[in-house]
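Both counts, for ligands and for their atoms, begin at 1 and track the order of listing.
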Amino acid sequence: MARIDFENHFAATEWLAALRRDATQAPAGALSLFGPGSPMAARLTDLGEGRLAAMDEAGIDVAVLSLSAPGIERFEPLAATKIAKAANDELAGAISKYPSRFRGFAALSARDTDAAVVEFERCVKELGFVGWNTHSNFGDSYLDEKRYWPLLAKAEELAAPIYIHPDLPIIPQFCTYGFGLAGPSYGYGAETALAMMRLVIGGVFDVFPKLKIILGHLGEGLPFMMDRVNRPYVQGLVRTDPAIAPTLKKTPAEYLLDNMVVTTSGNYSTSAFVCTKSELGMERIVLGSDYPYESMKTCVDFLEAQAMSPSEAQQLYETNAGSLGVSA
Ligand code: GRE
Ligand code: ZN
């Protein structure tokens with residue numbers, strides 16, 4: 001059985017240089033991780049032996065690599081198009097060096113939308129990438145907005161999943177207490193759940209029914225909310241003006257089941273795992289480690305200690321990846 005990790009981050013040379021030049025309106029404390037000489041920067045830039053050793057130690061066979069947050073989408077759009085292309089080429093170089101160990105998600109300058117659509121296609125068709133790793137916000141906007149529908153249409157056409165990774169929230173009240181509130185502890189996940197629910201309530205999945213969205217961190221709390229998101233709809237309390245929100249064909253939870261897959265990254269609570277498994281089913285959970293922000297070994301050790309039959313473990317680690325177009 002192979003283990004395939006869908007949340008494994010790297011830092012591309014030009015992205016890191018640009019990040020160090022431009023603070024991207026990050027809340028206090030968010031960028032200290034990336035300074036020259038920092039251990040995190042060293043792990044992020046390692047696309048070779050150090051990362052492979054960490055994968056071997058955890059028993060991870062394949063890492064689907066993604067450009068780290070802060071998302072390229074929040075950089076100045078035209079500059080970001082160039083940085084994303086360079087990052088994608090750098091990643092393709094690492095994959096061609098270790099083709100049995102690495103796969104790639106595209107990085108795209110979503111706000112330079114026409115160019116991003118072209119780059120998305122290049123990444124999938126020419127570089128062999130599996131999908132697009134995007135972020136919970138684009139600095140001033142969110143993925144569900146109509147201006148980004150050409151990217152959603154392209155994802156559906158290419159059968160390429162979109163990983164919505166957390167980023168520093170743009171809702172100011174999330175940023176009051178700096179990275180402590182805005183970051184992985186709370187703001188990251190809360191805003192990413194919002195990004196997913198904006199797709200659902202915005203009717204995006206009625207327009208693009210085959211779209212597959214991947215969320216990390218056991219679905220950023222949404223498995224716990226499966227009944228809650230439906231209640232106002234099933235009770236008939238929702239009377240939204242059709243001018244601002246479409247009438248949905250299905251209930252919100254049905255879209256979460258039909259269009260969302262979650263990964264196991266950075267949420268090592270047995271009751272959260274049990275909830276996710278019982279609400280979504282094992283067929284909607286894939287391995288994600290969030291390396292190097294989290295340890296690959298801690299992730300796999302946690303999963304090995306959970307109640308799973310051998311065939312469920314194989315689904316999670318390997319075979320569910322096939323439905324996202326990835327095999328070992
Ligand atoms: C993440 O990718 O999940 C992440 C960051 C930065 C800090 C912590 C963290 O991108 O978990
Ligand atoms: Zn991550």
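- In terms of modelled atom types and a separation under 3.5 Å, the side chain of Arg103 and the main chain of Leu65 share no donor-acceptor contact.
- If you look at Glu7 and ask which of its N, O or S atoms sits nearest the Zn ion (ligand 2), the answer is OE2.
- For the residue pair Asn88/Arg122, the side-chain donor-acceptor check at 3.5 Å is not satisfied.
- In terms of protein heavy atoms, atom 3 (O) of ligand 1 is closest to Asp290 OD2, 2.8 Å.
- Here Glu294 has no heavy atoms under 4.0 Å from ligand 1, in either its backbone or its side chain.
- Nearest protein heavy-atom contact of atom 11 (O) of ligand 1 is Tyr293 CB, 3.5 Å.
- Glu49 and Tyr98 share a side-chain donor-acceptor pair at under 3.5 Å.
- At distances below 3.5 Å, not a single donor-acceptor pair connects side-chain atoms of Ser68 with backbone N or O atoms of Phe10.
- Every atom of ligand 1 with a heavy atom of His9 under 4.0 Å away is listed here by number and element: 2 (O).
- Note on ligand 1: Leu33 sits in its first shell, one or more heavy atoms being nearer than 4.0 Å.
- In terms of protein heavy atoms, atom 8 (C) of ligand 1 is closest to Pro184 CG, 3.3 Å.
- Tyr293 has its ring centre less than 6.0 Å from the ring centre of His9.
- Geometry at the Zn ion (ligand 2): NE2/His9 and NE2/His165 form an angle of 100°, nearest 10 degrees.
- Remark: Arg3 qualifies as a cation-pi partner of Tyr317 under the 6.0 Å distance and 45° angle criteria applied to the six-membered ring.
- The Zn ion (ligand 2) has no N, O or S atom of Glu294 closer than 2.8 Å.
- For the 3.5 Å distance criterion, the side chains of Tyr148 and Ser141 qualify, holding a donor opposite an acceptor.
- The nearest N/O/S atom of Asp290 to the Zn ion (ligand 2) is OD1.
- Each of the following atoms of ligand 1 lies closer than 4.0 Å to a heavy atom of His165: 1 (C), 2 (O), 3 (O).
- A donor-acceptor pair under 3.5 Å is formed between the side chain of Trp149 and the backbone N or O of Asp144.
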